[in-house]
Amino acid sequence: METKYTSNRRRIRANAHIRELVANVYLDHRDFIQPLFVDESVAVRTPMTSLNGIGADTIESLLEQIASDLEQGISKFLLFPVPLSKSNHDFDFSFVVKALQAIKEKFGSQVWIAADTCLCAYTQHGHCGLLNEAQTAVLNHESVLVLADYALALAKAGADCIAPSDMMDGRIAAIRKILDANGFDQVAILSYSAKFSSQFYGPFRDACKSSPGNNPLLKDRKTYQFSAFNAQDGLLSTIRDIEEGADMVMVKPALPYLDIIQTIKQETKFPLVAYHVSGEYQALELLAEKQLVDRSKAHLEVWTSLKRAGADAIISYAARNAKTWIEGIAY
Ligand code: PBG
């Protein structure tokens, strides 16, 4: 074979003009979702020690944060409530309901709010569902019933999208059913359809005070979140959630599961969101703090890899910088 022409691969890298021409992966700030934390226990916006640049907001400061994010071109959000009181049944969802109502009253359809739907910030034991009496197992059916009621309350309060992150079986079908039965057939479901049991949720659990670690009989989420050692569960569970009525699906964390992103996109063609989670975000932030990476370029490089693998949208704690950073990309 004649290799004279093809062996020179450096011509297409020689300058920014040709690098721009041969580029075929693009980032767009319109694909980004910004997570928000609204915390009932704070009196003013309180910076999080575990997540650089991210704050725990009051309802009032949350509105200011959203106004400023809108100015940065970010209009899609993932809302996490941190309620003051925790219990193990009969949960009080009124704080997040109040927050959603305030957001919708102020911003209406200017913003799109996905409400994270899970019980881990509400339970004393920190698990994402109800436990049996012996505190040794998460009850599936009973948890799904509570999650469906919660989803309905979130929809009534104005959520545009329900995003269940609890990982119980059958929750997508139950949520779709209760939403439709109550006139919320236009409220979308973003399923955390491939959520792995991961080290990289550490800073988030700190922020939401939702770690299950204090419960000696059930110390982790391995009985409901996926195992990194199973290469098929991500795809099969995602297909199951699509069949149950999910409108969008998700892979979480993002970087350690790029293969799962690629497989799900190729196999399902479904709208796919990659969640670059708290520990992944903070790892880059700490590297940047030590001046071992350039902050914006490091985030951009990761985001590009998620797009390349097949993600349509990206959840990132740095989403509010996306527009500025993307405009500054040097190819
Ligand atoms: C709640 C939930 C978690 C995250 C999103 N929703 C934590 C967990 O499952 O322990 C993690 C988000 C992040 O780390 O950025 N179930």
Side-chain angles (χ1 to χ4, degrees), residues 32-39 48-56 77-83 86 91 93 96 114-123 125-131 138 140 143-144 146-147 150-151 154 159 161-169 171-172 175 189-215 218-228 237 249-257 273-286 299 302-303 306 314-320:
F32 281 79
I33 299 172
Q34 174 71 52
L36 299 168
F37 296 96
V38 62
D39 187 335
M48 287 177 180
T49 45
S50 56
L51 275 171
N52 282 20
I54 303 295
F77 301 92
L78 178 59
L79 182 65
F80 293 101
V82 187
K86 294 183 189 269
F91 305 103
F93 300 129
V96 66
D116 183 84
T117 306
C118 189
L119 299 178
C120 63
Y122 290 91
T123 54
H125 46 66
H127 279 289
C128 301
L130 307 177
L131 296 191
V138 178
N140 198 85
S143 301
V144 168
V146 177
L147 287 159
Y150 184 24
L154 294 166
C161 177
I162 301 300
S165 63
D166 55 285
M167 307 318 287
M168 297 302 113
D169 280 338
R171 80 242 206 255
I172 301 301
I175 290 171
I189 299 178
L190 163 58
S191 175
Y192 285 68
S193 64
K195 177 174 175 180
F196 288 81
S197 176
S198 172
Q199 281 305 302
F200 293 99
Y201 305 148
F204 173 95
R205 289 180 188 170
D206 203 35
C208 282
K209 304 163 190 117
S210 66
S211 174
N214 300 332
N215 183 351
L218 200 59
K219 288 199 296 286
D220 57 46
R221 305 202 200 286
K222 283 184 187 168
T223 66
Y224 43 106
Q225 298 181 350
F226 304 175
S227 162
S237 296
V249 296
M250 190 196 295
V251 174
K252 170 190 178 192
L255 265 198
Y257 301 98
V273 181
Y275 194 156
H276 192 236
V277 301
S278 58
E280 300 180 272
Y281 166 84
Q282 189 66 1
L284 297 187
E285 293 291 312
L286 294 178
H299 283 287
V302 170
W303 293 344
L306 306 183
I314 294 170
I315 302 171
S316 166
Y317 293 93
R320 57 177 58 104

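Since the model is a prediction, treat every value here as computed from it, not as a measurement. Read the numbers this way: they start at 1 and go in the same order the structure lists the ligands and their atoms.
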Between Tyr122 and Phe93, how do the two ring planes meet: parallel, tilted or perpendicular, split at 30° and 60°?
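Perpendicular, since the angle between the ring planes exceeds 60°.
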Interatomic spacing from CG in Leu306 to NE2 in His276 - rounded to 0.5 Å:
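Answer rounded to 0.5 Å: 6.5 Å.
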Side chain to side chain contact (heavy atoms under 4.5 Å, CB included), that's the test. Do Tyr275 and Leu78 meet it? Break it down for me.
CA-CA 11 Å; Tyr275 194 156; Leu78 178 59; 3.8 Å; yes
Give the protein residues with at least one non-hydrogen atom closer than 4.0 Å to an atom of ligand 1, ordered by chain and number.
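Only Phe80, Asp116, Cys118, Cys120, Cys128, Ser165, Lys195, Phe200, Tyr201, Phe204, Arg205, Arg221, Gln225, Lys252, Tyr275, Val277, Ser278, Tyr317 have heavy atoms that fall under 4.0 Å of ligand 1, ordered by chain and number.
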Please determine whether side chain to side chain contact (heavy atoms under 4.5 Å, CB included) holds for the pair Gln282 and Asn52, giving the CA-CA distance in whole Å, both sets of side-chain angles, and the decisive distance to 0.1 Å.
CA-CA 7 Å; Gln282 189 66 1; Asn52 282 20; 2.9 Å; yes
Does Glu280 reach the main-chain N or O of Pro253 with its side chain, forming a donor-acceptor pair under 3.5 Å?
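Not a single qualifying donor-acceptor pair exists.
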Does the gap between the ring centers of Tyr257 and Phe196 come in under 6.0 Å?
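That pair passes the under 6.0 Å test.
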